[in-house]
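Note that the coordinates shown come from a computational prediction; the quantities given were computed from them, not determined experimentally.
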Amino acid sequence: MEKILIFGHKNPDTDTICSAIAYADLKSQLGFNVEPVRLGSVSGETQFALDHFKFDAPRLVDTVANEVKGVILVDHNERQQSANDIDQVQVLEVIDHHRIANFETSGPLYYRAEPVGCTATILKKMYKEHGISIRKEIAGLMLSAIISDSLLFKSPTCTKEDVAAARELADIAGVDAESYGLDMLKAGADLSDKTIAQLVSLDSKEFQMGSAKVEIAQVNAVDVNDVLARQAEVEAALSTIISEKGLDLFVFVVTDILNNDSVALALGRAADAVEKAYNVSLVDNKAVLKGVVSRKSQIVPVLTETLK
């Protein structure tokens, strides 16, 4: 049986890494030859989860067509967020919870997308559907993914399904979701040792919005001023990326995990879209977005509507 690689989006977050590992575990138990891999570095938050549940990070790859003919995508579907040579392999499956855009295949595939807060929530149902129990360590990683994507159940993307799944997974993993989750989020919000290049790429995704090419990066912080104190350096890095990639807009979002607000730093010729979308004024290229914490539900759809 030929090997299949399972991976999430570039600049992987906790859901991407943990869901790739969890789905590889499920597929392996179903008799498939699979390997979870990653398309970028591991964040501090994700490393905290991996260390806690004693997992090694998946192997880093730059391309996939040189290794396999078929792949499975988790936590994404948009081609610009995937492997650079994704057009050279067959996408066999997609397990995702995002919008569907810039995606088509030449053949049929298993595609599962549900409007929940986390890919791991879908995977938990899939374990149950196949009658396969989730072992303690895998449950811990899946719980970590839900906590990350839901900001410990505070994000508007978090559904009752996510909360129920997290509670059950926490029981299996033998941890308290709230105390473990806060420790994990704080580990991810410690940005003191991050370079500017790391800050702007830790969790960054490209989107096509109408005719505009947009990139949105998001970092979590306990104190947003820890990041904004380096604004000049961040802006210089964003300007370089905008020029190199031909972007119309780069939005760098710093989310306060304690107060559940964000500050958006917007650069590019379409920066005024942020002002129109949120009825705010950019002062020194930034604005406070009250109550905004989710890129998926509170930023991407709003900007897409504004720019279409």
Side-chain angles (χ1 to χ4, degrees), residues 8-19 38 40-53 55 57 75 117-120 140-158 162-163 166 170 175-205 215-231 233-235 237-238 250-265 286-299:
H9 54 75
K10 295 175 180 176
N11 302 316
D13 57 13
T14 301
D15 186 24
T16 275
I17 296 290
C18 293
S19 287
R38 58 186 169 93
S41 59
V42 176
S43 71
E45 176 189 279
T46 306
Q47 192 62 56
F48 179 92
L50 292 171
D51 290 344
H52 189 93
F53 295 104
F55 269 90
D75 198 33
C118 182
T119 308
L141 292 186
M142 294 170 71
L143 169 66
S144 301
I146 296 173
I147 289 171
S148 176
D149 270 12
S150 70
L151 273 181
L152 199 52
F153 317 129
K154 294 177 182 178
S155 171
T157 62
C158 185
D162 297 297
V163 176
V175 298
D176 178 79
E178 274 72 18
S179 60
Y180 166 76
L182 187 57
D183 286 344
M184 187 190 78
L185 291 178
K186 285 183 176 179
D190 181 5
L191 306 172
S192 58
D193 63 341
K194 296 294 184 291
T195 66
I196 294 298
Q198 289 173 325
L199 278 180
V200 300
S201 64
L202 274 174
D203 186 5
S204 188
K205 293 182 179 179
E215 186 160 344
I216 304 172
Q218 184 174 23
V219 296
N220 294 334
V222 174
D223 184 349
V224 297
N225 289 319
D226 289 343
V227 179
L228 297 178
R230 307 169 73 182
Q231 181 176 342
E233 296 174 90
V234 171
E235 287 192 9
L238 299 189
F250 197 123
V251 184
F252 181 70
V253 182
V254 186
T255 298
D256 186 327
I257 65 171
L258 300 181
N259 296 319
N260 295 317
D261 295 322
S262 294
V263 174
L265 176 63
K286 62 183 184 289
V288 175
L289 306 183
K290 298 294 292 183
V292 173
V293 297
S294 170
R295 175 173 52 197
K296 184 180 74 171
S297 72
Q298 295 176 298
I299 300 177

Return the minimal non-hydrogen interatomic distance between [X] and [Y], and the atom names on each side.
{"X": "D162", "Y": "C118", "value": "OD1-N, 3.4 Å"}
{"X": "D15", "Y": "A120", "value": "OD1-N, 3.5 Å"}
{"X": "S148", "Y": "M184", "value": "N-CE, 3.8 Å"}
{"X": "N11", "Y": "S204", "value": "ND2-O, 3.0 Å"}
{"X": "S41", "Y": "P12", "value": "O-CG, 3.5 Å"}
{"X": "A49", "Y": "L141", "value": "O-CD2, 3.8 Å"}

I'd like to check [X] versus [Y] (side-chain heavy atoms, cut-off strictly below 4.5 Å). Are they in contact?
{"X": "F252", "Y": "V227", "answer": "yes"}
{"X": "I147", "Y": "L182", "answer": "no"}
{"X": "V251", "Y": "L265", "answer": "no"}
{"X": "E215", "Y": "K205", "answer": "no"}
{"X": "R230", "Y": "L199", "answer": "yes"}
{"X": "V253", "Y": "I216", "answer": "yes"}
{"X": "L238", "Y": "E235", "answer": "no"}
{"X": "L185", "Y": "E45", "answer": "yes"}

Q | Listed once per pair and sorted, the salt bridge (Lys or Arg N to Asp or Glu O under 4.0 Å) pairs that draw on residues 178-195, sequence neighbours left out | A | R167-E178
Can you tell me if [X] uses its side chain to pair, donor with acceptor, with the backbone of [Y] under 3.5 Å?
{"X": "N225", "Y": "L228", "result": "no"}
{"X": "S144", "Y": "G140", "result": "yes"}
{"X": "S262", "Y": "V292", "result": "yes"}
{"X": "S201", "Y": "A197", "result": "yes"}
{"X": "N259", "Y": "D261", "result": "no"}
{"X": "T255", "Y": "I257", "result": "no"}

Q. So F53 and Y180, would you call those rings parallel, tilted or perpendicular, with 30° and 60° as cut-offs?
A. perpendicular
Q) Applying the side-chain contact (heavy atoms from CB on, under 4.5 Å) test to P156, which of V293, N260, L151 qualifies? A) V293
Q | R295/D203 salt bridge by N-O under 4.0 Å criterion | A | yes
Q.
Using side chain to side chain contact (heavy atoms under 4.5 Å, CB included), reason through N220 and D256 one step at a time and then give a plain yes or no.
A. CA-CA 6 Å; N220 294 334; D256 186 327; over 6 Å; no
